[in-house]
**Student:** 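Handing you this structure, nothing more for now.
One-based numbering along the sequence shown.
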Amino acid sequence: MGAALVIGTFGGPGPAQAEPQWRHGLSLLGQPKYPADFKRFDYVNPDAPKGGLLRLSASGTFDSLNDTIPRGNPAAGLSLIYDTLMAPAADEVATEYGLIAESVRYPDDFASVTYKLRPEAKWHDGQKITADDVVWSFEQTIKNNPRQAFYYSHVKSAAKTGDDEVTFTFDQAGNRELPQIVGQLRIMPRHWWTGTDASGKPRDISQGTLEVPLGSGPYKVKQVVPGRSISFERVKDYWGKDLPVNIGTNNFDEQRFEYFRDDTVELEAFKGDQYDFRIESSAKDWATAYDFPAVKQGKVILEEFANRASGQMQAFIPNLRRPKFQDQRVRKALDYALDFEGMNRTLFFGQYKRTSSYFQNTELASSGLPQGRELAILESVKDKIPAGVFTTPYQNPPQGGEEERRSNLREAARLLKEAGYTVKDRKLVNAKGEPFTIEILIANPAFERVALFYKPALERLGITVNVRQVDTSQYINRLRARDFDMIISGWGQSLSPGNEQRDFWGSAAADREGSANYAGIKDPGIDALIEKVIYAKDREELVAATHALDRVLLAYDFVIPTWNYPNYRTARWNRFSHPDKLPEYSFAFPDIWWWDAQKAATTGGAP
């Protein structure tokens, strides 16, 4: 979610009021599209049939049904059982409408926000969702999850200010995004979590559990096979089923998640009709693995959907907390060593382009030299950022044939020598004679061939490389503990970046367990530019500030950029239908899709 711009109002502007007016929706980019009396989103089928089983997949395993805490591996799909204060629209950027909350208001300086709850909102046991639940949910979330505590760090307090009202007070004024961030808060049942289980033992929300939790959302847990599968059944008397934000959604009677050991097994399971829908992340598999009978017979549909809602930096990410990666010349040398064109041709069938922005494929990506508002923003932090951002556009190392590859390796070797490294007995060593080693830590087997492709070029420079694959739990624990040399990962970006940028690149997040600042970036110039993004006053300023942030991140060579692809590659068993026109910013599977009995009868297989 990102920097707020103009918060949409309930109706048009009016005279000054003693009290802020109640609003039905919040938008970061102007007025909400839908009026206060809207009946449904334009992109849904209000007459979509209810029924059918949707089988989905997950990798690895799970050991908890409590995903409030950062420890352990929570089961997939748990968000289905909980509601939030507000719900997003898929045909607008960063716009939300009331779900548990029927309305919201805030003062002109955005120093607080008040949510009014719907009196009909209920838990699955019939008890009313209360303001006390909201306050307790906020307090437990920030207490038990460091990443969420950071995300909500500017919320100073949450207090019940009426029978169905909760007010969140912020520690600063002017941060236009904060009211909407609070609207994303997932609400949990205080009375259930502070009660006792079937054996009389007090529940503890700070610990993992396999006890089925109470929820309020459109689904509830139906069956759990620990570590292997979890299924959710549609709540027929769901309190919010007739709300405008829910019409035409939640159409499947059951959603089931099956767990598979790794992606290879998962793909074969899809071919064997063990689950229904798959987003394919492997270019190699997309090019070679879907030539099987069910595709030729039309029982499996292959379809690409444009990704218009986000950008991503996918990269080899060195851990800057390790001294060997703190010298920018070393990081630049690692960038020169990557033969992207060879990797793309050999591993990806030429499907990818090399990433050159932290906001790739969006209007937020920087390019050329800074001009206009972006230049003014950069000038305001001139003493804290590299001088080169004003004179030299970012470019990845040149790519092409064998001559370019050799030239890049020579440049990498030159940079390493300049940084104080020499080659002795074919090993790269520092001034103390210590060898330069890199362990590339992976959990996804699909990344092994990527890392192994990179390895020989690094070894030609004298670097000792170990590609270490671990299970998901160990990977997550080592990532949290910052116990790694290099990973292959990335950061997804919305079209409206904001407070989450502190978690990605901010100095305060660098050493905080659970943050997304994997690289360990600590830089006052970047910190200052993050604040420029967060406090942007309009869309033009937001775009300019994001260009500036992107440009400076690139200038430091923090990561070794890899690949990007503008579409989602999907495969599905032909048992489902969707509205004729999907929303602009999402293909919204499975939210607005439904079980098509006629297609299913032709396809056969799962009921």
Side-chain angles (χ1 to χ4, degrees), residues 1-13 21-46 48 79 83-106 110 113 115 175-186 240 243-250 305-312 359 361-364 492-500 533-534 536-543 546 566 568 578-593:
M1 210 32 188
L5 306 179
V6 181
I7 303 290
T9 60
F10 182 103
Q21 68 181 129
W22 290 104
R23 308 161 189 266
H24 73 291
L26 300 177
S27 177
L28 304 188
L29 304 181
Q31 299 290 334
K33 170 184 175 180
Y34 296 94
D37 60 351
F38 83 105
K39 304 302 181 185
R40 62 176 176 85
F41 292 131
D42 291 344
Y43 52 81
V44 303
N45 173 9
S79 60
D83 280 328
T84 51
L85 291 171
M86 306 284 278
D91 58 348
E92 298 177 83
V93 176
T95 302
E96 297 175 358
Y97 298 89
L99 183 50
I100 287 178
E102 67 177 13
S103 54
V104 55
R105 67 181 182 185
Y106 53 84
F110 303 95
V113 66
Y115 280 92
N175 189 331
R176 296 167 175 258
E177 187 184 16
L178 289 176
Q180 193 162 335
I181 283 179
V182 171
Q184 301 164 7
L185 181 68
R186 187 180 65 182
L243 293 178
V245 295
N246 285 329
I247 296 295
T249 69
N250 306 311
F305 296 96
N307 178 7
R308 301 187 184 95
S310 62
Q312 184 179 40
F359 301 85
N361 297 327
T362 73
E363 68 168 333
L364 302 170
Q493 295 282 4
S494 75
L495 296 179
S496 186
N499 287 267
E500 76 290 337
V533 170
I534 291 171
K537 295 181 176 60
D538 54 44
R539 181 67 183 175
E540 184 182 354
E541 184 176 342
L542 175 68
V543 172
T546 308
Y568 295 105
H578 61 74
D580 292 337
K581 185 177 181 181
L582 290 171
E584 182 174 1
Y585 298 109
S586 171
F587 62 93
F589 183 90
D591 300 349
I592 64 173
W593 295 52

**Student:** Quick one, F359 and T546 - any side-chain contact, counting heavy atoms below 4.5 Å?
**Tutor:**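 Answer yes - side chains close enough.
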**Student:** Working to the nearest 0.5 Å, report the span between CG of L243 and NZ of K39.
**Tutor:**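 Spacing of CG (L243) from NZ (K39) equals 12.0 Å.
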**Student:** As an exercise, state the distance from CG of D42 to CD of E584, rounded to the nearest 0.5 Å.
**Tutor:**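 Taking CG in D42 and CD in E584, the distance rounds to 12.5 Å.
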**Student:** Who passes side-chain contact (heavy atoms from CB on, under 4.5 Å) against E363, sequence neighbours left out?
**Tutor:**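 Listed in chain order: R539, V543.
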**Student:** Can you check whether Y97 and F38 have ring centres sitting under 6.0 Å from each other?
**Tutor:**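 Judged by ring-centre distance (under 6.0 Å), Y97 and F38 do meet the cut-off.
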**Student:** Distance from L26 atom CG to M86 atom CE, nearest 0.5 Å?
**Tutor:** 4.0 Å
**Student:** Could you check N499, L542, L364 and say which one makes a side chain to side chain contact (heavy atoms under 4.5 Å, CB included) with V533?
**Tutor:** L542
**Student:** Mind checking what makes ring-ring contact (aromatic ring centres under 6.0 Å, His included) contact with Y43, not counting sequence neighbours?
**Tutor:**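 Checked Y43 against ring-ring contact (aromatic ring centres under 6.0 Å, His included); matches are F41.
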**Student:** Let me confirm one number: the CD1-CZ distance from I181 to R176, rounded to the nearest 0.5 Å.
**Tutor:** 14.5 Å
**Student:** Looking at T95 and Q180, what are the two nearest heavy atoms and their distance?
**Tutor:**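 Smallest interatomic distance, heavy atoms only, reads N-NE2, 3.8 Å.
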**Student:** Taking only residues two or more places apart in sequence or in another chain, which ones pass side chain to side chain donor-acceptor pair (under 3.5 Å) with S310?
**Tutor:** N307
**Student:** If the condition is side-chain contact (heavy atoms from CB on, under 4.5 Å), which residues does E541 pass it with, not counting sequence neighbours?
**Tutor:** R373, A536, K537, D538
**Student:** Applying side-chain contact (heavy atoms from CB on, under 4.5 Å), can you list everything that pairs with N45, at least two apart in sequence or on another chain?
**Tutor:** D47, A48, P579, W594
**Student:** Any side-chain heavy-atom pair from Y115 and L185 closer than 4.5 angstrom?
**Tutor:** no
**Student:** Residues in side-chain contact (heavy atoms from CB on, under 4.5 Å) with D83, at least two apart?
**Tutor:** L99, I100, S216, P218, Y238, W239
